[in-house]
Amino acid sequence: MSFLARANKKGVRAGAAVVASAVAVAATAWGVTALVEPGGTAASRQNVARPGATDNSGRGDDGRPQGIPEGIAHASESGGNAVNITIDDGPDPRWTPRVLEVLRRHDVKATFCMVGPQAKAHPDLVKKVVAAGHRLCDHTMNHDTAMDKKPVAYQEQQILEAKKLIEEAAGGGAKVDYYRAPGGAFTPDSRRIAAAHGMRPLGWNVDTKDFDKPGTAAIVGAVKREIGNGPTVLFHDGGGNRAQTVDALDQVLAWLKEQGRPTGFPVRTAPDAPEASDAPDAASGSGGSGGS
């Protein structure tokens, strides 16, 4: 073999090695493993998630939402004119089943903001909420509407202990997706703590005042009057007799259907609507409520 032929052969081998190295580096960088059949045909490709990586659902390889914003959510994942139904202060053995039945009859999904000890006391109801396709929200341990005046360590304990109890009651790997401060008593620290643990701070736009039992007609009227404030509506299934709430919810869901307004869930990973976030620690543009 001539010197020139040997040099050309070495050059080909070197070039092939460089290409092979480049392919290997690219495959490592993108986390892609390719299984190749004889003849060079790719038999399958499997995306291997890196630690902390997310898929198109916005959840990482541990199933938790990633990159949760600290801003208070009001907007709906469904966009458009969709409405978010949120239910606070349960679960309650008398009223939560009735609320669930109304939601089932109207084929509506809601977000249930639960108090930690209530969830622990009624794990069967938490499981029913999850099984019906609704989402869970942390509403603290003691529903302290003055927790924004308390030390950060206290806020953290109230939020994280409630999260633990709710998820234990739910079982099956169910996760809490939101955090709602009692009475809208958010702080920058409480929002940071919640977001760091996979829970989007959740506000409201329509306070039905159902906690005060003003009458079914008044509750329905509040929704119709205030729905222009934004899409997230506040109801309660705990904290007392909620018969008016159950009747009003039934009427409100029927009215929303007549208006051609679908229902959905609050945003979790997406930014909130700009107009809903003017006040960084305000739960609602129409004022907070001690009943939430």
Side-chain angles (χ1 to χ4, degrees), residues 58 65 68-90 99-100 102-114 129 132-139 176-184 186 191 194-195 199-211 218-237 245 248-289 291-292:
I68 302 296
E70 296 179 13
I72 299 171
H74 301 82
S76 178
E77 284 183 346
S78 300
N81 63 347
V83 175
N84 305 318
I85 302 298
T86 65
I87 315 289
D88 282 21
D89 296 357
V99 168
L100 285 171
V102 171
L103 294 170
R104 184 200 65 77
R105 195 164 61 246
H106 289 275
D107 193 23
V108 166
K109 306 304 179 188
T111 301
F112 282 77
C113 300
M114 298 183 175
V129 166
H134 306 293
R135 288 186 186 172
L136 299 173
C137 173
D138 180 335
H139 206 33
V176 176
D177 285 314
Y178 306 95
Y179 162 66
R180 174 174 275 167
F186 287 100
R191 293 188 288 108
M199 298 179 290
R200 179 68 182 267
L202 175 60
W204 67 87
N205 304 105
V206 179
D207 185 353
T208 65
K209 302 292 196 298
D210 66 325
F211 191 83
I219 297 170
V220 175
V223 176
K224 294 181 177 181
R225 184 174 61 254
E226 297 181 16
I227 198 65
N229 294 338
T232 300
V233 184
L234 171 64
F235 290 100
H236 295 82
D237 63 342
T245 296
L249 179 62
D250 189 33
Q251 294 182 33
V252 165
L253 295 181
W255 177 74
L256 289 173
K257 186 174 182 179
E258 291 172 358
Q259 299 298 306
R261 301 200 63 167
T263 54
F265 291 115
V267 292
R268 291 177 303 168
T269 58
D272 199 44
E275 64 272 15
S277 306
D278 294 336
D281 286 297
S284 166
S286 58
S289 166
S292 111

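- When each of Ile87, Asp237, Leu202, Asp89 is tested with Cys113 by the rule side chain to side chain contact (heavy atoms under 4.5 Å, CB included), just one qualifies, namely Leu202.
- Checking side-chain atoms of Lys109 against main-chain N and O of Leu103 turns up no donor-acceptor pair under 3.5 Å.
- The OG1 atom of Thr232 sits 4.0 Å away from the CG atom of Asn84 when rounded to the nearest 0.5 Å.
- Within the 4.5 Å cutoff, side-chain heavy atoms of Ile72 are placed close to those of Arg191.
- Scanning all heavy atoms of the two residues, the minimum distance from Val267 to Ala73 falls at O-CB, 3.6 Å.
- Counting only N and O atoms by type, the side chains of Asp250 and His106 include a donor and acceptor under 3.5 Å apart.
- Results of the side chain to side chain contact (heavy atoms under 4.5 Å, CB included) test with Trp204 over Arg180, Glu226, His74 single out Arg180 as the only residue that passes.
- For Ala110 against Phe265, the heavy-atom pair with the smallest separation is O-CE2, 3.4 Å.
- In terms of heavy atoms, Ala181 sits closest to Ser292 at O-OG, 3.6 Å.
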Legend entry - His134 and Leu100: CA distance, side-chain angles, deciding distance, side chain to side chain contact (heavy atoms under 4.5 Å, CB included) verdict: CA-CA 9 Å; His134 306 293; Leu100 285 171; 3.6 Å; yes
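- In this structure, the separation between OG1 on Thr208 and NZ on Lys224 is 14.0 Å, given to the nearest 0.5 Å.
- Taking a cutoff of 4.0 Å between a charged side-chain nitrogen and a carboxylate oxygen, Arg135 and Glu77 qualify as a salt bridge.
- Without hydrogens or angle criteria, Asp88 side chain to His236 main chain gives no donor-acceptor distance under 3.5 Å.
- Within the 4.5 Å cutoff, the side chain of Phe235 has heavy atoms near those of the Ile219 side chain.
- Taking each heavy atom of Asp177 and Arg268 in turn, the nearest pair found is OD1-NH1, 3.5 Å.
- In this structure, Leu249 and Ile85 have side chains that are in contact, with non-hydrogen atoms separated by less than 4.5 Å.
- Nearest heavy-atom pair across Val233 and Thr86 is O-OG1, 2.7 Å.
- Taking each heavy atom of Pro69 and Thr269 in turn, the nearest pair found is CG-O, 3.5 Å.
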For residues 255-263, which side-chain N or O atoms pair as donor and acceptor with protein atoms under 3.5 Å away, sequence neighbours left out?
unit_1: Arg261; atom_1: NE; unit_2: Asn81; atom_2: O; d: 2.8
unit_1: Arg261; atom_1: NH2; unit_2: Asn81; atom_2: O; d: 3.0

